[in-house]
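Here is the structure we will look at.
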Amino acid sequence: MEVRTRFAPSPTGYMHIGNLRTALYAYLHARKNEGVFILRIEDTDQARLVADSVKVIYESLAVTGIEHDEGPDKGGPVGPYTQSERRGLYKEYAEKLLAAGRAYRCFCEKTEKTEEHDEEHEAPILGYDGRCGRLSEAEIKANLDKGLPYVIRQRIDKEGSTSFKDFIYGDIVVENKQLDDQILLKRDGYPTYNFANVVDDHLMGITHVMRGCEYISSTPKYILLYKAFGWEIPEHIHLPHILGPSGKKLSKREGSVALGDFLKRGFLPEAILNYIALLGWNPGTEQEFFTKADLIAKFDIARIGKAPAMFDETKLAWLNGQHIRAKTPDEAHALFLPFYPESVTGKFDARKLTGYIQGKVEKLSDLPQMTAFLAALDENFPKDLFVHAKNKTTLEGSRAVLQDLADALNCLGDWEYGSILGAVKAYAEAKGAKLGPVMWPLRIAISGQAVTPTGAAEIAELLGKAETLRRLSLAAARLA
RNA sequence: GGCCCCUUCGUCUAGCGGUUAGGACGCUGCCCUCUCAAGGCAGAGAUCACGGGUUCGAAUCCCGUAGGGGCCGCCA
């Protein structure tokens, strides 16, 4: 049977990294099995509609290369793919349940979750007591005649238990008395997630339902729905959570959670994809660097783990560096360019700069700070930087070297990396010195910092002859 | 509070009855090098949450306990 998976985000205005991983896994599983990956927009909460947020979903999928085969923008045989456009369908199916006695109208007041319940989670919240389920035909009719608003609730027989086999977590059994008569159709006529999800997954022929494991506890209710309709139950694959640094579900409170944030901060989409793929899944080999094509080839839902994983930005950064290094110089440059300060791109050969530092960059957002010294030397950098035990450089020695070097470089005809290095080498040789003790003062003088993203000769070349000589004499003067 | 789930180095993980418990990030050191935040090598770091079983033998199987997480919305 053809594999059909879906990603069913609700338009919230940003792409949560955990949701993106769910999308990735669903996508990979579909591709791996030459199946179909569907995008379905779950916009059934009218109160929470965020303008343009569907666009964010499209953009997120596009930038990460998680491309869907069917969706609101692409169409397909089982559309529409936006739930708000499927309202009639849900009503129709809810009424079928009503007619079959598997659902009932509920005229009770709204019982929305309050903030207090959120914080004081010790407060027991009791589920709906099912009173409207016991209303007589006459009472229902009377209410209807009065025009009382109502919702449709699923009628759950509180006897016995309901179970399902989760692909990751195995058999899950829940006593039916734990199950609430959940709302299927809201007062405004829109379905709840719980209902729309089941109806759509069935109608869209989804074979593998992949979602976060927070849905495990409500899945028995969905199972009962499938059974009430007499529908085949798809494979359920609940994914372990991604945790923030505090050990709780990754949330906005703890730094970046949105794909857009990571992108802005200089993480590459392919690195993010690679990293989140490894959060909860492993290939069974020691491979850690993956391109999307690698993932499609190696992905296997059988190797998804059960334990939640903490999101570790340090490792993401490392992986990001790996992906940057894997780029061609031209690709890298296209990536770096937007992150270079104007002061750098305006004055220097940025393409050359990229070539010199590509192997050192982890986050693109480090670029401004890494390259700032090119455009603006901190002329009052600490003089101690010249002192280096291993190179046996001292303030006195450095001054002499700098003065000599200034002369040597001044005589240089063409100003490029090779000739600069050649001149420095020649000078060192003439002095009977090793290269280190000469290069060190040079690099400090022209950069003003102990750590630079590339070597002294490269920096000198980028700076140009005039600026290099200016910095050299400046430093020599300070050391005098 | 009720129910469900999870538990191997700080972190991500391998392991599916017999391993010196392996790898990666990070950390430390060494090498290379014109610096290192790159590369190479090495090291520290996990009595496999704890307690009972089962077994000749358990990180691996079973049962408890503890800790953590999730759900209990006319949100998804």
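In the text below, chain A, chain B and the rest are named by the order of the sequence lines, each starting its count at 1. Basis for what follows: all heavy atoms, side chains included, without hydrogens, waters or symmetry-related copies.
- Atom CD1 in A/Ile152 sits about 15 Å away from atom P in B/C74, given to the nearest Å.
- A/Thr314 comes within 4.0 angstrom of the backbone, heavy atoms only, and of no base.
- Here the nucleotide nearest the side chain of A/Arg48, chosen from B/G69, B/U35, B/G73, is B/G73.
- In this structure, A/Gly359 reaches the sugar-phosphate backbone alone: every heavy-atom distance under 4.0 Å involves primed, P, OP1 or OP2 atoms, never a base.
- Nucleotides B/A59 and B/U19 have their C1' atoms positioned 11 Å apart, rounded to a whole Å.
- Between the CD1 atom of A/Ile172 and the C1' atom of B/C6 there is a distance of 11 Å, rounded to whole Å.
- Residue-level contact check: A/Val361 touches neither bases nor backbone, having no heavy atom under 4.0 Å from any strand.
- Stacking of A/Arg265 on the aromatic ring of A/Phe267 is not recorded, the 6.0 Å distance cut-off and the 45° axial limit not both being met.
- When the C1' atom of B/C3 is taken as reference, atom NZ of A/Lys221 falls 11 Å away, rounded to whole Å.
- For B/C48, there is no paired base (Watson-Crick or G-U wobble, both distances below 3.5 Å).
- Of the candidates B/C34, B/G70, B/C74, the closest approach to any side-chain atom of A/Arg187 belongs to B/C74.
- At a cut-off of 3.5 angstrom, counting only N and O atoms as typed in the model, there is no donor on one side facing an acceptor on the other between the side-chain of A/Lys306 and the base of B/C5.
- In this structure, B/A42 forms a base pair with B/U28, meeting either the Watson-Crick or the G-U wobble geometry with both donor-acceptor distances under 3.5 Å.
- When each of A/Glu42 and A/Ala456 is assigned the nucleotide of RNA chain B with its nearest heavy atom, A/Ala456 is the one assigned upstream, toward the 5' end.
- For the pair A/Arg87 CZ and B/C74 P, the interatomic distance rounds to 18 Å; values are reported in whole Å.
- Contact of A/Glu175 with B/C3 (side chain to base): no donor-acceptor pair of N or O atoms is detected under 3.5 Å.
- Within the 4.0 Å cut-off from OP1 or OP2 of B/A76, at least one side-chain nitrogen or oxygen of A/Thr44 is found.
- When the P atom of B/U35 is taken as reference, atom CG of A/Asp384 falls 19 Å away, rounded to whole Å.
- For the pair A/Asp181 CG and B/G73 P, the computed distance is 12 Å after rounding to whole Å.
- Applying the 4.0 Å criterion to OP1 and OP2 of B/C34, one finds that A/Lys425 has every side-chain N and O outside that range.
- Considering only side-chain N and O atoms, A/Arg325 lies under 4.0 angstrom from the phosphate OP1 or OP2 of B/G39.
- Pair assignment for B/G2 gives B/C71, based on Watson-Crick or G-U wobble hydrogen-bonding distances that are each under 3.5 Å.
- For the C1' atoms, the distance linking B/A37 with B/C32 amounts to 16 Å, nearest Å.
- Taking the centre of each ring, A/Tyr275 and A/Phe290 stay at or above the 6.0 Å mark.
- Counting heavy atoms from C-beta on, the side chains of A/Tyr25 and A/Ile304 come closer than 4.5 Å.
- Nucleotides of RNA chain B nearest to A/Val451 and A/Leu185 differ in position, and the one nearer the 5' end is that of A/Val451.
- Counting heavy atoms from C-beta outward, A/Leu184 and A/Tyr90 have side chains that stay 4.5 Å or more apart.
- Between A/Gln322 and B/G39 there is a side-chain N or O to OP1 or OP2 distance below 4.0 Å.
- Using a 4.0 Å heavy-atom distance criterion, A/Leu435 is classed as a sugar-phosphate-only contact.
- Cation-pi geometry between A/Arg105 and A/Tyr150 is satisfied (NZ or CZ under 6.0 Å from the ring centre, within 45° of the ring normal).
- Of the P atoms belonging to B/A24 and B/A38, the separation is 15 Å, rounded to the nearest Å.
- Residue contacts for A/Tyr215: at a heavy-atom cut-off of 4.0 Å it reaches a base atom on one of the strands shown.
- Between the CD atom in A/Gln322 and the CD atom in A/Glu288 there is a gap of 9.5 Å [rounded to 0.5 Å].
- Taking the C1' atoms as reference points, B/U8 lies 15 Å from B/C50, given to the whole Å.
- As rounded to the nearest Å, B/G22 and B/G29 have C1' atoms that lie 22 Å from one another.
- With rounding to whole Å, A/Gln178 atom CD is found 19 Å from B/G70 atom P.
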Check nucleotides 9-15 of chain B against the protein and report each pair of N or O atoms closer than 3.5 Å, with its distance, or say if there are none.
residue, atom, partner, partner atom, Å
B/C12, OP1, A/Met310, N, 3.0
B/C12, O2', A/Leu278, O, 3.3
B/U13, OP1, A/Gly280, N, 2.7
B/U13, O3', A/Asn282, ND2, 3.1
B/A14, OP1, A/Asn282, ND2, 2.6
B/A14, O3', A/Arg303, NH2, 3.2
B/G15, OP1, A/Arg303, NH1, 3.3
B/G15, OP1, A/Arg303, NH2, 3.0

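- Put simply, the residue from A/Leu353, A/Thr371, A/Leu463 that forms a side-chain contact (heavy atoms from CB on, under 4.5 Å) with A/Phe348 is A/Leu463.
- A/Gln449 comes within 4.0 angstrom of no nucleic acid atom, judged by non-hydrogen atoms across all strands.
- Both distances falling under 3.5 Å, in either a Watson-Crick or a G-U wobble arrangement, occur for no nucleotide opposite B/C16.
- With a cut-off of 3.5 Å on both Watson-Crick or G-U wobble distances, the partner of B/A66 is given as B/U7.
- At a threshold of 4.0 angstrom between heavy atoms, the contacts of A/Tyr417 include nucleobase atoms, whether or not backbone atoms are also involved.
- Across all strands, A/Asn197 comes closer than 4.0 Å to no nucleic acid atom at all (heavy-atom distances).
- For the P atoms, the distance linking B/G57 with B/A46 amounts to 27 Å, nearest Å.
- Of all nucleotides present, none satisfies the Watson-Crick or G-U wobble test against B/U60 with each distance under 3.5 Å.
- We find that CG of A/Leu319 is positioned 15 Å from C1' of B/G23, with the value rounded to whole Å.
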